[in-house]
Amino acid sequence: MASKEEFVAYIANQLEKAGHITYRKMFGEYGMYCDGKIFALICENQLFVKVTKAGEQLSPDLELMPPYKGAKPYFLMEDIDNKEYLTKFVKATCEELPVPKPKVKKVKEETKEENKKAKTSKASFDYKKEYKEFYMPKNKPEIVEVPTMNYLAVRGKGDPNKEGGEYKLSIELLYGIAFTIKMSKKGNHQIEGYFDYVVPPLEGLWWQNGQAGMDMDYNRKEDLNFISLIRLPDFVTEEDFKWAIKEAEKKKNRDYSKVEYLTYKEGLCVQCMHIGAYDNEPATIERMQQYIDEMGYGLDISKERFHHEIYLSDARRTAPERLKTVIRHPILKI
């Protein structure tokens, strides 16, 4: 049974005061990092922390178990709900762990054909395929727990269809930085933990002043507020983001100061795949409302939680009736 990302995100949240916590998928499970040091594995929704003298002194009775067959023993952390204890244990562990050595690429003599095969044999990590529960829901409402994610973000206001408007500008800015980070592998700035990936789809958080979340007036597009988003891989730190801003501004001679590094904790939501024109979204939204009413949940859109859309189709190349958009709304149990 593979670990769920909701569990991994919960552990990361529990350890938020231990240092800069990140995680990445490894062979179907997860590796946990603190300030760049890998200190734990999560396998089958269990937390395994590396064995250190500091850990043995803090908790001499902890059970030792291999996280997977053939692995060396790790501490099995069962008291994961005790945030203070877990933070103290991980901080002590990471203080003892060595700083990772920089990776040195081995140079190999290869023919152009061999290089071509090597590149095509390694598929880039695709968030839409790896996390279908967040990017490819069915076209009927469902409830999902969305973990904390980091994004590139640009804020703005106005009609998204307006040529030269703030929304279209936000998309240009986002992709300028997204591809600077993706192509960093070819430059001097080597990001620790980098793996090749497909840039995740464009997303947007939307609201209108004075309007409840499911009652947005689609005829008043000029009054829309938005935060345009592109998800960042977990290995991208704020320092990497700052580097990308400077690099893009230098290479493209353009101001990217409107782009932010945004951490968004979405939590419990109802979502549904909407197929069709954006102006027809209210019909799908009404089905979502009926569903949560039946399930005993209420809408929880606020200044911190928003109407969320994920765009799986390119509106420039797709007929309106075939557009695929994930619609997601925050909810709470009544």
Side-chain angles (χ1 to χ4, degrees), residues 6 127-129 131-147 149 151 153 156-162 165 167-168 170-171 174 200-231 264-334:
E6 300 97 285
Y127 286 86
K128 296 194 301 297
K129 294 179 181 178
Y131 300 114
K132 291 182 180 179
E133 64 270 33
F134 303 130
Y135 295 101
M136 299 297 291
K138 298 176 181 178
N139 60 346
K140 62 180 182 179
E142 62 184 16
I143 293 172
V144 62
E145 181 77 30
V146 184
M149 300 182 192
Y151 295 90
K157 183 177 181 179
D159 187 343
N161 299 318
K162 182 180 178 181
Y167 181 71
K168 292 187 182 296
S170 73
I171 296 174
L174 285 179
L202 178 69
E203 306 183 36
L205 306 177
W206 297 90
W207 71 98
Q208 282 174 327
N209 295 333
Q211 291 289 123
M214 289 201 183
D215 295 324
M216 280 199 304
D217 187 345
Y218 281 61
N219 295 316
R220 289 172 38 225
K221 293 184 175 66
E222 68 278 2
D223 294 331
L224 287 168
N225 299 279
F226 64 82
I227 305 175
S228 293
L229 305 169
I230 292 180
R231 182 179 178 177
Y264 185 42
K265 186 175 182 179
E266 198 158 16
L268 192 66
C269 294
V270 60
Q271 66 180 14
C272 186
M273 180 72 78
H274 170 74
I275 300 176
Y278 302 131
D279 285 346
N280 294 337
E281 287 181 1
T284 298
I285 291 172
E286 185 177 348
R287 289 165 51 212
M288 293 165 62
Q289 179 66 67
Q290 291 173 352
Y291 177 74
I292 63 172
D293 288 344
E294 293 169 1
M295 299 298 291
Y297 290 87
L299 185 66
D300 191 33
I301 286 179
S302 66
K303 292 181 179 179
E304 288 78 35
R305 307 183 77 197
F306 304 93
H307 170 99
H308 189 170
E309 297 183 0
I310 304 174
Y311 308 105
L312 303 179
S313 307
D314 187 338
R316 299 168 301 176
R317 298 179 175 87
T318 308
E321 65 272 13
R322 299 180 63 184
L323 290 170
K324 289 185 177 181
T325 308
V326 180
I327 301 177
R328 185 181 294 158
H329 283 160
I331 59 174
L332 51 74
K333 186 72 175 176
I334 297 177

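Owing to the predicted nature of the structure, the values given are computational and were not obtained by experimental measurement. The figures that follow rest on heavy atoms only: side chains count, while hydrogens, waters and symmetry mates do not. We number each residue from 1, following the sequence as shown.
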Item to complete: From the options Lys138, Arg328, His329, Glu133, select the one residue that forms a side-chain contact (heavy atoms from CB on, under 4.5 Å) with Gln271.
Response: Arg328
Discussion item. Which heavy atom of Val270 sits nearest to which heavy atom of Pro141, and what is that distance?
Written reply: CG2-CB, 4.2 Å
Discussion item. Please check if the number of heavy atoms outside Lys333 that lie under 6.0 Å from its NZ is greater than 12.
Written reply: yes
Practice prompt. Tell me, yes or no, whether the heavy-atom count around Lys168 atom NZ, taken from other residues, nucleotides or ligands under 6.0 Å, exceeds 12.
Written response: yes
Worksheet item: Is there side-chain contact between Pro160 and Phe226, with at least one heavy-atom pair below 4.5 Å?
Response: no
Discussion item. Side chains of Phe306 and Ile301, heavy atoms from C-beta outward: is any pair under 4.5 Å?
Written reply: no
Item to complete: Using a 4.5 Å cut-off on heavy atoms from C-beta on, say whether the side chain of Thr325 contacts that of Leu312.
Response: no
Discussion item. side-chain contact (heavy atoms from CB on, under 4.5 Å) for Tyr297 and Ile143? Distances and angles first, verdict last.
Written reply: CA-CA 10 Å; Tyr297 290 87; Ile143 293 172; 3.4 Å; yes
Worksheet item: Have Thr318 and Ser313 got a donor and an acceptor in their side chains that come within less than 3.5 Å?
Response: no
Worksheet item: Which heavy-atom pair separates Phe134 from Met149 by the least distance, and what is that distance?
Response: CD1-CE, 4.1 Å
Item to complete: Return yes if a side-chain donor-acceptor contact under 3.5 Å exists between Arg231 and Tyr264, otherwise no.
Response: no
Item to complete: Decide if the gap between the ring center of Tyr135 and the ring center of Tyr127 is smaller than 6.0 angstrom.
Response: no
Item to complete: Apply side-chain contact (heavy atoms from CB on, under 4.5 Å) to the pair Val326 and His308, showing each step before the final yes or no.
Response: CA-CA 8 Å; Val326 180; His308 189 170; over 6 Å; no
Fill in: Check: Trp206 ring centroid to Tyr218 ring centroid under 6.0 Å
no
Worksheet item: If every non-hydrogen atom of Asn209 is compared with every non-hydrogen atom of Trp207, which pair is closest and at what distance?
Response: OD1-NE1, 3.8 Å
Item to complete: State, to 0.1 Å, how close Leu268 and Arg305 come at their nearest heavy-atom pair, and which atoms those are.
Response: O-NH2, 2.7 Å
Worksheet item: Excluding sequence neighbours, so at least two apart, what forms salt bridge (charged side-chain N to carboxylate O under 4.0 Å, His left out) with Glu309?
Response: none
Discussion item. With heavy-atom distances below 4.5 Å as the criterion, would you say the side chains of Lys128 and Pro201 are in contact?
Written reply: yes
Worksheet item: For the residue pair Ala153 and Leu229, what are the closest heavy atoms and their distance?
Response: CB-CD2, 3.6 Å
Worksheet entry | Sub-4.5 Å side-chain heavy-atom contact between Arg287 and Lys140 | yes
Fill in: Lys324 to Ile275 - nearest heavy-atom pair and separation
CG-CG1, 4.4 Å
Worksheet item: Would a 4.5 Å heavy-atom cut-off, applied to side chains only, mark Ile327 and Cys272 as touching?
Response: no
Worksheet item: Are Tyr311 and Glu203 close enough that a side-chain donor and a side-chain acceptor fall under 3.5 Å?
Response: no
Discussion item. For Asp279 and Lys221: C-alpha separation, side-chain torsions, deciding distance, then whether side-chain contact (heavy atoms from CB on, under 4.5 Å) applies.
Written reply: CA-CA 10 Å; Asp279 285 346; Lys221 293 184 175 66; 2.9 Å; yes
Worksheet item: Between Asp159 and Lys162, does at least one N-O distance fall below 4.0 Å, as a salt bridge requires?
Response: no
Worksheet item: Which is it for Lys157 and Leu224 under the side-chain contact (heavy atoms from CB on, under 4.5 Å) test, yes or no, and what are the steps along the way?
Response: CA-CA 6 Å; Lys157 183 177 181 179; Leu224 287 168; over 6 Å; no
Worksheet item: Just by modelled atom types, is the Asp217 backbone N or O under 3.5 Å from a matching donor or acceptor in the Gln208 side chain?
Response: yes
